[in-house]
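Working notes for the structure below.
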Amino acid sequence: MKRALGCAAVALLATSCEQDVSKPNYEYSPDMVGAVAYESFSPNPVTKDGRTLMLPAPGSLARSQMPHHFKAGPEEAARAGRELKNPYPASPEVLARGKMAFARYCSPCHGSGGLGDGLVTARFPSPPSLLADHARGLPDGQLFHIVTHGQGLMPAHGSQVMPEDRWKIVHFIRSLQNPQQTARQEAP
Ligand code: HEC
């Protein structure tokens with residue numbers, strides 16, 4: 001009995017695969033087949049703004065986009081210092097990422113420990129130490145702004161370093177400035 005059923009199934013499969021390409025296939029439930037689709041950018045009488053792909057609501061952000069409402073310059077840097085907070089926690093993973101990004105983008109000038117003794121300082125004016133009182137006194141948002149837009153002789157890094165990595169670099173700079181506190185945080 002089992003074998004007979006098996007043969008029948010094989011026979012059915014075999015016939016269902018046989019196709020006469022000169023005739024249209026049998027349409028099962030054809031309701032959606034004939035639907036008229038609008039093109040994404042064609043006008044549309046049904047939607048509110050008359051477009052098929054409606055405009056996003058004001059203030060919408062693209063996925064993973066971080067808005068940045070600051071221009072270059074010292075006043076804007078100071079405002080960023082007042083208004084922006086580091087959105088990431090100073091976790092070991094964040095610090096490790098910040099360290100890697102700092103080594104890649106900042107250490108050629110600032111040195112891997114932030115002392116202002118990077119390789120290019122032989123031919124380029126030395127940056128101030130990031131461990132000095134001045135840099136310690138800069139709020140997180142201002143550090144983020146300086147990395148994004150540059151400052152004085154330092155070129156802007158907004159186009160090279162992703163915003164999230166800029167914030168992680170800020171945590172790494174803090175960890176250079178306060179190694180003991182970081183060690184305490186990382187202790188289990
Ligand atoms: C091409 C060399 C160069 C690179 C690369 C560079 N910097 Fe700088 N940086 C400077 C110089 C020079 C200054 C001093 C700018 C001035 O005020 O004239 C400076 C200043 C700063 C300051 C302000 C310090 C203070 O006390 O005012 C911070 C913070 C800083 N850099 C962080 C970074 C970070 C973070 C990176 C990496 C994303 C980076 N820099 C990459 C050269 C560089």
Side-chain angles (χ1 to χ4, degrees), residues 40-41 49 51 53-188:
S40 309
F41 294 100
D49 64 0
R51 304 165 189 242
L53 193 68
M54 289 192 289
L55 282 183
S60 302
L61 295 178
R63 217 170 170 181
S64 79
Q65 184 189 346
M66 279 193 184
H68 180 75
H69 305 293
F70 297 88
K71 297 197 172 71
E75 292 86 26
E76 287 286 276
R79 184 167 73 84
R82 289 191 300 274
E83 294 179 10
L84 295 182
K85 296 264 171 301
N86 199 328
Y88 295 95
S91 66
E93 296 78 36
V94 163
L95 285 172
R97 176 77 192 181
K99 181 178 186 177
M100 191 270 282
F102 187 91
R104 195 169 284 171
Y105 298 107
C106 322
S107 72
C109 297
H110 286 274
S112 52
L115 292 173
D117 55 355
L119 275 178
V120 308
T121 55
R123 287 164 180 267
F124 188 83
S126 300
S129 168
L130 296 177
L131 275 58
D133 285 344
H134 183 260
R136 283 173 193 271
L138 297 172
D140 285 357
Q142 190 159 353
L143 292 182
F144 180 85
H145 187 282
I146 293 172
V147 179
T148 308
H149 294 283
Q151 170 185 290
L153 287 173
M154 174 174 148
H157 283 69
S159 61
Q160 295 100 301
V161 189
M162 291 190 298
E164 59 183 80
D165 282 346
R166 283 177 244 154
W167 282 120
K168 291 175 184 178
I169 287 175
V170 170
H171 271 310
F172 176 67
I173 294 175
R174 295 294 181 222
S175 78
L176 289 177
Q177 292 170 342
N178 305 302
Q180 283 154 346
Q181 197 188 337
T182 309
R184 270 204 303 279
Q185 274 168 0
E186 286 188 357

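Please read all numbers here as calculations on a predicted model, not as lab measurements. We number each residue from 1, following the sequence as shown. Atoms within each ligand, like the ligands themselves, are counted from 1 in listed order.
Taking each of Gly114, Gly152, Pro128, Ser107 in turn, the one with a heavy atom nearest to atom 14 (C) of ligand 1 proves to be Pro128.
With ligand atoms numbered from 1 in the order given, ligand 1 contributes 34 (C), 35 (C), 38 (C) to contacts under 4.0 Å with heavy atoms of Val147. Each of the following atoms of ligand 1 lies closer than 4.0 Å to a heavy atom of Ile173: 35 (C). The atoms of ligand 1 that sit less than 4.0 Å from any heavy atom of Leu143 are 29 (C). The atoms of ligand 1 that sit less than 4.0 Å from any heavy atom of Ala135 are 26 (O). For ligand 1, the atoms lying closer than 4.0 Å to a non-hydrogen atom of Phe124 are 1 (C), 2 (C), 12 (C). The contact set between ligand 1 and His157, taken as ligand atoms under 4.0 Å from a residue heavy atom, comprises 4 (C), 5 (C), 6 (C), 41 (C).
The protein atom (non-hydrogen) at minimum distance from atom 34 (C) of ligand 1 is Cys106 SG, 3.4 Å. Protein heavy atom at the shortest distance from atom 22 (C) of ligand 1 is Ile146 CG2, 3.8 Å. For atom 5 (C) of ligand 1, the closest non-hydrogen atom of the protein is Tyr105 O, 3.3 Å. The nearest protein atom to atom 11 (C) of ligand 1, hydrogens excluded, is given as Pro127 CB, 3.5 Å; this is a heavy-atom distance. Given atom 25 (C) of ligand 1, the protein heavy atom at minimum distance is His134 ND1, 3.3 Å. Ranking protein heavy atoms by distance to atom 18 (O) of ligand 1, first place goes to Leu153 N, 3.1 Å.
Here the CG atom belonging to Leu143 is positioned 10.5 Å from the CD1 atom belonging to Ile169, to the nearest 0.5 angstrom. In this structure, Leu131 CG and His110 NE2 are separated by 12.0 Å, a value rounded to the nearest 0.5 Å. Note that OH of Tyr88 and NE2 of His171 are 9.5 Å apart. Values are rounded to the nearest 0.5 Å. To the nearest 0.5 Å, the span separating OG on Ser107 from CG on Asp117 amounts to 10.0 Å.
Val161 places none of its side-chain heavy atoms less than 4.5 Å from the side chain of Arg104.
Listed for the Glu76 side chain is a donor-acceptor partner under 3.5 Å among the backbone atoms of Lys71. Distance alone, capped at 3.5 Å, is enough to place a donor-acceptor pair between the Arg166 side chain and the Gly158 backbone. Looking at Gln177, its side chain does come within 3.5 Å of a backbone N or O of Leu130 through a donor-acceptor pair. The closest donor-acceptor contact from the side chain of Asn86 to the backbone of Asp140 lies at 3.5 Å or more, if one exists at all.
Our summary of the site lists the angle at atom 8 (Fe) of ligand 1 between SD of Met154 and NE2 of His110 as 170°, to the nearest 10 degrees.
In summary, Cys109 places no N/O/S atom under 2.8 Å from atom 8 (Fe) of ligand 1, failing the contact criterion. In summary, Gln151 places no N/O/S atom under 2.8 Å from atom 8 (Fe) of ligand 1, failing the contact criterion.
In this structure, Phe144 and Trp167 have parallel ring planes: the angle between them is below the 30° cut-off, well short of the 60° mark. Using cut-offs of 30° and 60° on the angle between ring planes, the pair His145 and His68 is tilted.
No part of Val170 comes within 4.0 Å of ligand 1, judged by heavy-atom distances. Only the side chain of Leu130 comes within 4.0 Å of ligand 1, judged by heavy-atom distances.
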